[in-house]
Every structure is written in C-alpha cells, then in structure tokens.
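One-based numbering along the sequence shown.
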Amino acid sequence: MTRMTAATITRYALPPAVTIAEVPVPEPADDQVLIAVEAASLNALDWHLFTGTPRFLRLVEGLRRPKRTIPGADIAGEVVAVGAEVTDLEVGDRVFGETAGGGCAPFTLAKPANLARIPDGVSVTDAAATPVAGLTALQGLVTHGGLVAGERLLINGAAGGVGTFTVQLAVALGAEVTAVCSTRNVAMVSALGERSTRPFKVVDYTADDVIAMSLGQNTPFDLIFDNVGNRSPAEMRSILTPEGRYLPITGPKSDTGIFGPAIHIARSFAHFAFKPQTCRNFTAAPNRADLETLAGHLADGSLVPQIHETIKLDGVADALALIGTGHTPAKILVKPD
C-alpha cells in the first residue's frame with residue numbers, strides 16, 4: 001500500500017479546516033518506526049497547532065501554514081516497519097505513545113523513545129486515549145508539582161481530557177482531592193474518586209465558588225493544578241498554603257491573540273515572583289519511562305480513560321471545533337480505518 005486516506009489540514013483556520021484526502025503512506029527514517037494506527041485521540045494540542053493560536057506558535061510550527069498536516073499526536077497500534085537504527089522495537093509490537101502528528105490516518109511515524117508497549121489486557125482504545133493527557137497529568141503532579149500522599153490538591157477543570165487523568169492519578173498517589181467541574185460532569189468526576197482512601201470532594205462551579213469555600217473553611221491547598229485559567233493568580237494564591245505550588249497549565253481558549261493563554265501564565269509568574277509560594281508551567285515531554293508508568297496504571301485499573309465519543313475521520317473537524325470551546329468532557333477517540 002502506497003496511498004492512504006487521512007484527515008488533513010494545510011492552512012490555519014478557526015475552526016480548523018479539515019479535508020479528507022489521499023496522501024502517501026510515510027516511510028520510516030533510520031530512527032523511526034511505521035505504525036498501523038488502530039486508534040488515535042485528539043487533544044487541545046491539535047486545536048492550538050492547526051488554528052495557529054496563540055500566534056507565537058507559528059514561529060515554530062510554520063509561519064504561513066502548519067508544518068504538520070495530519071492531526072492526532074496520541075496513537076496506538078502495531079509496528080509494521082522499523083528503521084535501520086531501531087533495535088528496541090520489532091515488527092508486530094503493539095505500542096502506544098505520542099507522535100509529531102499523524103494519528104488521523106491509517107499509518108504514521110514515531111520515534112521509539114516516545115512509545116511504550118501496550119500491556120496485556122489493556123485495550124487499544126484506552127491506550128490511544130492516554131499519551132498527551134496522561135503525560136501532562138503525571139508530569140504535572142509528580143515531576144513539576146511534587147505531590148506526595150496526604151497533600152491537599154485542587155484540580156480546576158477536572159472533567160476534560162487532562163482533568164480526568166489528573167483526578168485518577170491523584171487518587172492513586174494518595175492525595176486529598178477537590179475537583180472542580182460543571183453540573184453535567186459531576187457524576188462522572190465523582191465516580192473517578194470512588195477508589196480514594198482520602199477525602200474526595202467535587203465542586204460544581206455553577207453552584208459554588210471554590211475560592212470562597214476554601215477561604216471560608218480555612219482549608220488551603222498544597223497544590224493547585226489549573227486546567228482552565230479562569231481565576232486570577234491572586235485568587236489562586238489566596239487559597240494556597242504558605243509553601244503551596246500553583247501549576248497553570250493553560251489559559252482561556254477564548255484568548256486567540258498573539259500570545260493567547262500565555263498571557264495568563266505570564267501574569268501568574270509575575271504575581272508569584274518573590275513570594276513563598278511557587279508557580280510553574282510546563283509542556284509535557286514524551287518519554288518511555290513515563291509512558292510505562294501510565295501503562296502500569298492502565299493495567300492495574302487505577303487509570304480508566306474516560307471517552308466522550310469515538311469518531312471516524314469525517315468527524316475530526318467537528319471534534320476539533322468542540323475542543324476549541326474548552327468544554328469537551330473527557331477524550332475524543334478517532335478510528336482511522
């Protein structure tokens with residue numbers, strides 16, 4: 001097979017301008033593997049890259065048009081060809097991980113270091129839903145947030161792709177969790193906390209203000225994992241312990257200017273400067289060790305990806321538009337066949 005049908009995006013547009021087109025099947029370089037994609041999933045990352053927002057991203061991702069032409073960084077499938085320098089994966093291995101795009105097609109390329117084997121008993125769909133969101137949650141909580149068992153954690157935006165992974169990993173790590181979401185997602189998020197052996201609370205932001213609740217009850221947080229960016233840095237700092245940590249992952253999707261969500265993050269750094277509390281931001285880095293940690297959680301059932309819907313290639317445009325609203329519950333899977 002030399003040609004395949006893919007969801008392609010060749011120009012920046014809001015919402016993303018998706019075309020279903022015939023494209024060449026890629027050939028692996030010496031340090032790559034070719035994967036037959038059984039399932040992929042979409043993330044806010046795809047929306048940012050293919051709308052070209054915030055605009056400073058275009059300095060890296062293409063000034064006039066996106067360098068990537070096929071969305072879908074999260075993939076799971078089978079290795080069908082390996083480059084000459086690849087020694088740690090073989091044809092026939094079932095793998096999942098993060099690629100430089102290409103998941104919304106039957107075949108895509110990846111670097112072996114950004115892949116891990118799918119454990120026995122783990123479905124390909126669960127594996128495909130995990131990489132970007134799971135890595136963001138894991139690295140935010142552990143690598144950058146330093147979360148330890150017994151600490152009080154606030155998750156702002158607990159029902160989205162990253163949020164649902166953050167809730168479950170925090171429970172597995174033994175944190176005392178307060179999860180903020182909207183009314184329609186309260187039941188789902190509550191169910192994610194059923195395994196918790198620590199206090200677990202879900203706050204419906206349409207009915208209650210978590211800032212006022214924390215201040216009124218004098219229950220500050222050790223760590224705030226902010227997936228939304230809808231509260232000011234001063235408000236967030238007011239509900240942190242004296243040595244608390246604030247992790248602003250993003251800002252409002254409605255800000256599509258030159259710097260976009262980076263404005264909120266920059267303001268957060270400025271507000272926390274020279275304060276005893278700390279503010280950190282990061283971009284999740286794909287690596288096999290962390291993917292294997294996530295694979296272990298998938299295998300033992302402590303991590304169960306929440307799937308909003310499963311679509312074909314002709315649903316990618318609507319799915320990306322939904323992600324752009326900032327109110328997508330859980331993950332959207334893509335079956336490219």
Side-chain angles (χ1 to χ4, degrees), residues 1-8 20-43 45-46 68-135 138 161 165 284-305 307 310-313 316 331-337:
M1 182 182 295
T2 59
R3 306 283 293 180
M4 63 181 183
T5 302
T8 64
I20 307 302
E22 292 290 315
V23 299
V25 173
E27 295 186 8
D30 288 347
D31 62 344
Q32 294 177 318
V33 297
L34 178 66
I35 298 168
V37 180
E38 297 177 43
S41 67
L42 298 171
N43 297 278
L45 170 68
D46 295 289
R68 307 184 190 196
T69 57
I70 301 175
D74 287 343
I75 58 93
E78 182 178 330
V79 175
V80 293
V82 299
E85 297 175 1
V86 176
T87 59
D88 50 351
L89 289 176
E90 300 177 349
V91 171
D93 285 342
R94 296 179 68 248
V95 296
F96 76 111
E98 184 177 339
T99 74
C104 294
F107 297 94
T108 192
L109 301 173
K111 295 289 185 72
N114 297 339
L115 301 171
R117 290 178 174 84
I118 301 174
D120 292 340
V122 174
S123 71
V124 71
T125 52
D126 281 354
T130 298
V132 170
L135 288 168
L138 178 66
F165 282 92
N287 66 83
R288 182 172 293 171
D290 284 344
L291 286 168
E292 288 176 341
T293 296
L294 293 170
H297 284 290
L298 291 171
D300 69 18
S302 59
L303 193 58
V304 180
I307 309 301
T310 300
I311 61 173
K312 298 291 188 179
L313 294 180
V316 170
K331 292 300 298 290
I332 297 176
L333 283 178
V334 181
K335 298 299 266 316
D337 56 342

Name the atoms and distances for all side-chain donor-acceptor pairs under 3.5 Å in residues 75-85, with sequence neighbours left out.
none

Handout entry: Separation of Leu303 CG from Thr293 OG1 (nearest 0.5 Å)
Key = 11.0 Å
Exercise for the section: Measure the shortest side-chain to side-chain distance between Val37 and Phe107 over non-hydrogen atoms and say whether it is less than 4.5 angstrom. Expected result: no
Fill in the blank from the handout: Minimal heavy-atom distance between Thr8 and Ala21, with the atoms involved, is OG1-CB, 3.9 Å
Practice task
Scan for side-chain hydrogen bond (donor to acceptor under 3.5 Å, both in side chains) pairs involving residues 92-101, sequence neighbours excluded, and state none if there are none.
Solution key: Asp93-Arg117
Problem - Nearest atoms (heavy-atom pairs only) where Glu38 meets Lys335 - result: O-CE, 3.1 Å
Completion exercise
Per side-chain contact (heavy atoms from CB on, under 4.5 Å), Pro28 is matched among Val33, Ile35, Val86, Leu34 by Leu34
Problem - Rounded distance (nearest 0.5 Å) linking atom CG of Leu89 with atom CD of Gln32 - result: 12.5 Å
Handout entry: Non-hydrogen side-chain atoms of Cys104 and Pro336 separated by less than 4.5 Å
Key = no
Exercise for the section: With rounding to the nearest 0.5 Å, note down the distance linking CD1 in Ile70 to CZ in Arg68. Expected result: 12.0 Å
Per-pair distances, 0.1 Å, donor-acceptor, side chain in residues 122-131, under 3.5 Å, sequence neighbours excluded:
| from | atom 1 | to | atom 2 | distance (Å) |
| --- | --- | --- | --- | --- |
| Ser123 | OG | Thr125 | OG1 | 3.1 |
| Ser123 | OG | Asp126 | N | 3.0 |
| Thr130 | OG1 | Asp126 | O | 2.7 |

Exercise for the section: Check whether any side-chain heavy atom of Met4 sits under 4.5 Å from a side-chain heavy atom of Pro106, and report yes or no. Expected result: yes
Handout entry: Thr310, Asp74, Ile311 screened by side-chain contact (heavy atoms from CB on, under 4.5 Å) with Val334, the one that passes
Key = Ile311
Practice task
To the nearest 0.5 Å, tell me how far Ile307 CD1 sits from Leu333 CG.
Solution key: 4.0 Å
Problem - Over all atoms of both residues, closest heavy-atom pair of Pro112 and Asp31 - result: CD-O, 3.2 Å
Problem - Glu22 atom CD, neighbour heavy-atom count above 12 within 6.0 Å - result: yes
Fill in the blank from the handout: What one should report as the nearest heavy-atom pair of Phe165 and Ala133 is CD1-CB, 3.6 Å
Exercise for the section: Find the distance between CG (Asp88) and CG (Leu115) and round it off to the nearest 0.5 Å. Expected result: 9.0 Å
Handout entry: Approximate separation, where rounding is to 0.5 Å, of Ile332 CD1 and Leu42 CG
Key = 6.0 Å
Exercise for the section: Decide if atom CG of Asp120 counts as having more than 12 heavy atoms of other residues, nucleotides or ligands within a radius under 6.0 Å. Expected result: no
Practice task
Check whether any side-chain heavy atom of Ile20 lies under 4.5 Å from a side-chain heavy atom of Thr5, and answer yes or no.
Solution key: yes
